[in-house]
Amino acid sequence: MRIGDKRLKRAFDSVDVSQSVLANFLSQAATGRYELEGPEQLVRLLVTMTRHRLVSRARRERRLVRDVRRLAAEPGILEGVVDSRPSPSEIVSRQEQWELLRSSLSDEEQRIVDLRLAGHSWDEIAVHLGGTGPARRMQLSRRLDRLEREIAAAG
């Protein structure tokens, strides 16, 4: 069953209605509410439930002053309104967090982070700083875990 009215399609999708009907049916069937004698009766019940749910959703949209007749704008016209990029305050906050993190690392740990951010593998980092790749990875991982615990304890 598909929603024919384009204005209603903008308010909700036929899949939403179908999932809602199936969820309701399954929860009610689990309680023993329905005694169905065959597949045809099940199909009729689900179609009826879907029709009722669709009518109910359409009425609800109109009642909530989200009258679908007012949704005449072209699809996608509002997509550019909300900027998905971080706000200036989020950028500053992230920079402050990054600087705080870096200042809490030792010089050696900062070099590990710098090399990793430059795209070096753990084995390449070990060549630069000594040791093994897994050991350098664990060194940084343990330090970050300690920092996380310290922050959680302070907050």
Side-chain angles (χ1 to χ4, degrees), residues 1-34 39 42-43 46 49-50 53-54 56-58 60-68 70-155:
M1 187 180 242
R2 297 206 185 274
I3 299 172
D5 188 337
K6 291 179 184 178
R7 294 172 298 189
L8 281 177
K9 283 183 186 179
R10 291 187 189 120
F12 54 89
D13 189 14
S14 61
V15 175
D16 297 334
V17 175
S18 299
Q19 288 177 348
S20 173
V21 167
L22 285 175
N24 185 32
F25 169 76
L26 292 173
S27 69
Q28 295 295 319
T31 63
R33 179 174 179 191
Y34 304 113
L42 172 62
V43 169
L46 289 174
M49 288 174 72
T50 303
R53 181 62 50 100
L54 183 59
S56 174
R57 290 287 304 263
R60 181 173 180 260
E61 290 298 318
R62 289 186 179 105
R63 184 179 67 243
L64 292 175
V65 190
R66 291 190 308 209
D67 190 349
V68 292
R70 294 174 52 195
L71 298 175
E74 289 296 317
I77 197 166
L78 297 177
E79 288 175 7
V81 173
V82 177
D83 192 355
S84 61
R85 296 175 296 181
S87 69
S89 63
E90 289 173 321
I91 292 171
V92 169
S93 176
R94 288 177 189 169
Q95 287 173 339
E96 289 173 350
Q97 291 171 349
W98 175 246
E99 291 303 319
L100 182 61
L101 171 69
R102 285 191 60 84
S103 69
S104 63
L105 297 176
S106 69
D107 290 340
E108 186 177 59
E109 292 163 342
Q110 285 183 18
R111 288 188 63 205
I112 294 171
V113 169
D114 291 339
L115 289 169
R116 193 71 177 139
L117 289 174
H120 293 283
S121 70
W122 290 110
D123 290 332
E124 292 170 333
I125 292 170
V127 168
H128 285 288
L129 302 177
T132 65
R136 290 299 179 170
R137 182 186 59 77
M138 281 305 298
Q139 176 187 6
L140 185 60
S141 177
R142 287 180 178 148
R143 179 63 180 133
L144 294 176
D145 287 343
R146 282 194 306 273
L147 284 172
E148 186 177 9
R149 285 192 303 272
E150 290 171 12
I151 291 169

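- Every residue two or more places apart in sequence or in another chain that forms a side-chain contact (heavy atoms from CB on, under 4.5 Å) with S27 is listed here: N24.
- When all heavy atoms of D123 and P134 are compared, the closest pair comes out as OD1-CD, 4.2 Å.
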- [ ] Report the C-alpha separation of V113 and L101 in whole Å, then their side-chain angles, then the decisive distance to 0.1 Å, and conclude whether the side-chain contact (heavy atoms from CB on, under 4.5 Å) test is met.
- [x] CA-CA 11 Å; V113 169; L101 171 69; over 6 Å; no
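- Looking only at side-chain heavy atoms (C-beta outward), I112 and W122 come within less than 4.5 Å of each other.
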Open item on the list: I'd like to know whether R149 forms a side-chain contact (heavy atoms from CB on, under 4.5 Å) with D145, so could you lay out the CA-CA distance, the side-chain angles of the two residues, the decisive distance to 0.1 Å, and finally the verdict.
Closed with: CA-CA 6 Å; R149 285 192 303 272; D145 287 343; 3.8 Å; yes
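- R102 is listed as a side-chain neighbour of D114, based on a closest heavy-atom distance under 4.5 Å.
- For the ring pair (Phe, Tyr, Trp, His ring centres under 6.0 Å) condition, no pair includes a residue of residues 129-155, sequence neighbours left out.
- The CG atom of L147 sits 7.5 Å away from the CD atom of E109 when rounded to the nearest 0.5 Å.
- With rounding to the nearest 0.5 Å, the separation of CZ in R143 from OG in S104 is 5.5 Å.
- How far CE of M49 is from OG of S18: 11.5 Å, rounded to the nearest 0.5 Å.
- Under a cut-off of 6.0 angstrom, the local environment of CD in E148 is sparse, with at most 12 non-hydrogen atoms contributed by other residues, nucleotides or ligands.
- Sorted by first then second residue, the side chain to side chain donor-acceptor pair (under 3.5 Å) pairs that include residues 128-138, not counting sequence neighbours, are E108-R136, R136-Q139.
- Listed here is the closest heavy atom pair of G131 and A126: O-CB, 3.4 Å.
- For the pair R116/I125, a side-chain contact is recorded, criterion being any heavy-atom separation below 4.5 Å from C-beta on.
- Using a distance-only test at 3.5 Å, with no hydrogens or angles considered, no donor-acceptor pair links the side chain of S93 to the main chain of S89.
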